[in-house]
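Below: the structure, in structure tokens.
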Amino acid sequence: MKQEIEKRRTFGIISHPDAGKTTLTEKLLLFGGAIQSAGAVKSNKIDMHARSDWMDIEKQRGISVATSVMGFRYKDFKINILDTPGHQDFAEDTYRTLTAVDSVIMVIDSVKGVEAQTEKLMEVCRMRNTPVICFINKLDREGRDPFDLLDEIEDKLSINVRPLSWPIGMGKSFKGVYSLFESSLHLFEASRNKVMEGIKVDDITDPQIESRIGENAATELREEVELVEGVYDPFEVNSYREGQLAPVFFGSAVNNFGVKELLDCFIQIAPQPIPRATDKRLVKPDEKDFSGFVFKIHANMDPRHRNRIAFVRVCSGKFERGSNYYHVRQEKSLRFSNATAFMAQERETIDEAWPGDIVGIYDTGNLKIGDTLTEGEDGTFKGIPSFSPEIFREVINKDAMKTKQLEKGLQHLMEEGVAQLFSYEIGNRKVIGTVGQLQFEVIQYRLKNEYGASVDWRNQPIYKACWVDSEDQKELDAFVKSKLRHMAKDKDGKMVFMAESKAWLGMVQDNFPRINFHYTSEY
Ligand code: G4P
């Protein structure tokens, strides 16, 4: 078991859309021999121009199951890449997927630098101290000065950086990278399929460098490397693993350049599956008993059958197909005879899985996001919070004859994590919250197609959903009583205050100093 665990690297690639996440994923799979040619990985981007074409969204769901988890082998390592939706309307899905990884590779566009979505994703990584490696992409373009980019990463992402490779020129004059990690020179050649072997040099003073890139470029490289060594502390693998320091690589994913160096370093420094906390204790991966949690649920593509695939991250022990496992929330034992692993583009039935692996389990409605499975032990894995949505709309049932169907449909879609449902304390009002506009269209479409229910939306002027609690039960009671019209319950029955504006929330906070207001459901 120890060996199996040491071999595993489970990580996510994240980026602002268009920085090159899909391209990098594809190149990594090429190295692993998991795919044979470029272009095999479908982008999971939703084309906003084709938005009215609902089939696109449906197709999208198919693609995102196929590429949700891509496992491959490389140099005796078993690597699991967890894909995250590129579209920001699906940010919540990305946040949840990040709870199931042990580390992250963040792709940054050298022309655009740190973008809005990069910042948000980094915040999520920081919540759990997830180790991050940065890959600065598109060096074949006239990008920004590398020192400026590093400063921007430190500044906007609040993390220390340490370059492990350094670019020689950029754009038209891009000559390659010097690897500070293994003292080697990698010369650039624009080619989508060829990978050039690095040239081993003794160190930065090696005269081979002149002969390869010319005197001027060599002098400039030496000056810059000297500056790098002077400005940044030596690379400390533990600071990286604690999420305090981000090693940085430079390259061009589309040209397959800098990707192999990234991967070779990644398998050496990235953490193997790490211990994870439940609400009872810390669970170590090498414990004998199996445990895992559900971080994603995907409805089956066939609307006639309501079965779903639950994605389970194995946290400890060995998962065996056909075994009974204990469903902690429902306090009952379930048998999982149908389990799949995800190897690159294919799904295959598996008999066993190890910590770090993701198992797909067919489910007919027992599992929800955040559920824990064990061999009988109580305790739920922590760290899968809901975040306050940004857009809120009340559900208007257009067909009273289909109320039951609507309720069932809403329940299923919420269990899949498509959006969050808030049920008001008064008046039986139901409000759905999302991070993006697109989900409302998806929900409306799916309710109609899969459940036969018709809904409309009524905009709600809500600024934030705040989960509330207090040590002072009296004050909590008084608060709830005075704000009853704005109180709702979330999917787990937790109390939420629906604040209508920032200013009003501030006032309410002043009036009730002993109430805690949280922007996430886990506090
Ligand atoms: P994403 O998943 O992060 O959204 O980005 P994706 O990989 O789809 O890449 C976005 C665009 O950037 C693609 O161009 C891709 O080819 C390009 N790209 C990726 N890496 C590099 C690079 O190193 N250099 C340059 N110059 N471009 C790069 P596209 O026009 O959308 O698609 P395509 O027609 O090129 O496939």
Side-chain angles (χ1 to χ4, degrees), residues 11-31 34-35 37-50 56 59-60 63-64 66-70 81-91 93-94 97-98 104-122 125 132-144 146 149 165-177 186-196 248-263 345 436 438:
F11 74 107
I13 304 183
I14 54 181
S15 76
H16 189 89
D18 272 348
K21 177 170 72 73
T22 312
T23 314
L24 180 64
T25 307
E26 182 177 279
K27 303 302 171 189
L28 293 174
L29 293 178
L30 278 169
F31 281 116
I35 53 171
S37 63
V41 178
K42 305 270 182 319
S43 165
N44 68 0
K45 267 183 281 185
I46 289 180
D47 182 355
M48 287 306 275
H49 304 295
D56 264 18
K59 268 189 248 149
Q60 207 51 60
I63 293 170
S64 61
T67 61
S68 283
V69 183
M70 289 164 280
I81 306 182
L82 273 56
D83 193 26
T84 53
H87 199 283
Q88 65 172 19
D89 283 13
F90 294 93
D93 204 21
T94 300
T97 298
L98 291 182
V104 151
I105 293 181
M106 170 97 80
V107 185
I108 293 171
D109 184 327
S110 69
V111 183
K112 295 192 177 143
V114 173
E115 297 172 84
Q117 194 63 7
T118 331
E119 284 184 57
K120 274 199 181 166
L121 290 163
M122 187 65 209
C125 292
V132 175
I133 295 181
C134 291
F135 181 75
I136 300 187
N137 191 26
K138 308 198 185 179
L139 265 281
D140 57 321
R141 293 239 196 121
E142 303 297 331
R144 309 236 312 261
L149 284 166
S165 76
W166 195 256
I168 307 166
M170 195 178 271
K172 282 201 197 77
S173 62
F174 182 50
K175 290 198 161 61
V177 294
H186 299 262
L187 299 181
F188 176 67
E189 190 180 320
S191 152
R192 293 194 171 214
N193 291 314
K194 213 160 72 184
V195 182
M196 307 282 287
V248 179
F249 287 83
F250 292 86
S252 168
V254 79
N255 290 300
N256 216 338
F257 189 78
V259 179
K260 187 166 182 291
E261 294 82 85
L262 171 72
L263 183 57
Q345 302 260 280
L438 201 54

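In each ligand, atom 1 is the first atom listed, and ligand 1 is the first ligand listed.
Close N/O approach between Asn255 and ligand 1 is not found [any backbone or side-chain N/O within under 3.5 Å]. For ligand 1, the polar-atom distance check finds an N/O of Ala253 within less than 3.5 Å of one of the ligand's N/O atoms. Taking any N or O of Gly20, backbone or side chain, at least one lies under 3.5 Å from an N or O belonging to ligand 1.
The heavy atom nearest to atom 22 (C) of ligand 1, considering only Leu139, Val259, Val254, Thr25, is found in Val254.
Across all their heavy atoms, Leu139 and Gly169 have their closest contact at CD1-O, 4.3 Å. The shortest non-hydrogen separation linking Pro167 to Phe174 is CB-CE1, 4.3 Å. Between Ile13 and Thr84, the shortest heavy-atom distance links the atoms O-OG1, 3.2 Å.
Both the backbone and the side chain of Lys138 come within 4.0 Å of ligand 1, judged by heavy-atom distances. The parts of Ser252 lying near ligand 1 are both backbone and side chain, judged by heavy-atom distances below 4.0 Å. When heavy-atom distances to ligand 1 are checked against a 4.0 Å cut-off, Val107 has no atom that comes that close, whether in backbone or side chain. Contacts of Thr23 with ligand 1, taken as heavy-atom pairs under 4.0 Å, involve both backbone and side chain.
Under a 4.0 Å N-O distance rule, the pair Lys21/Asp83 qualifies as a salt bridge.
Remark: Phe249 pairs with no residue by the ring-ring contact (aromatic ring centres under 6.0 Å, His included) rule, at least two apart or across chains. Under the side chain to side chain donor-acceptor pair (under 3.5 Å) criterion, Arg144 pairs with Glu152, not counting sequence neighbours.
With ligand atoms numbered from 1 in the order given, ligand 1 contributes 3 (O) to contacts under 4.0 Å with heavy atoms of Ser15. Remark: ligand 1 atoms within the under-4.0 Å shell around heavy atoms of Pro17 are 4 (O). The distance from ligand 1 to the heavy atoms of Asp18 drops below 4.0 Å at these ligand atoms: 1 (P), 3 (O), 4 (O), 5 (O), 10 (C), 12 (O).
Here the side chain of Asn137 pairs a donor or acceptor atom with the backbone of Ala19 at under 3.5 angstrom.
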Practice prompt. Go through the steps for Phe11 and Ile81 under the test side-chain contact (heavy atoms from CB on, under 4.5 Å), then give the verdict.
Written response: CA-CA 5 Å; Phe11 74 107; Ile81 306 182; 3.6 Å; yes

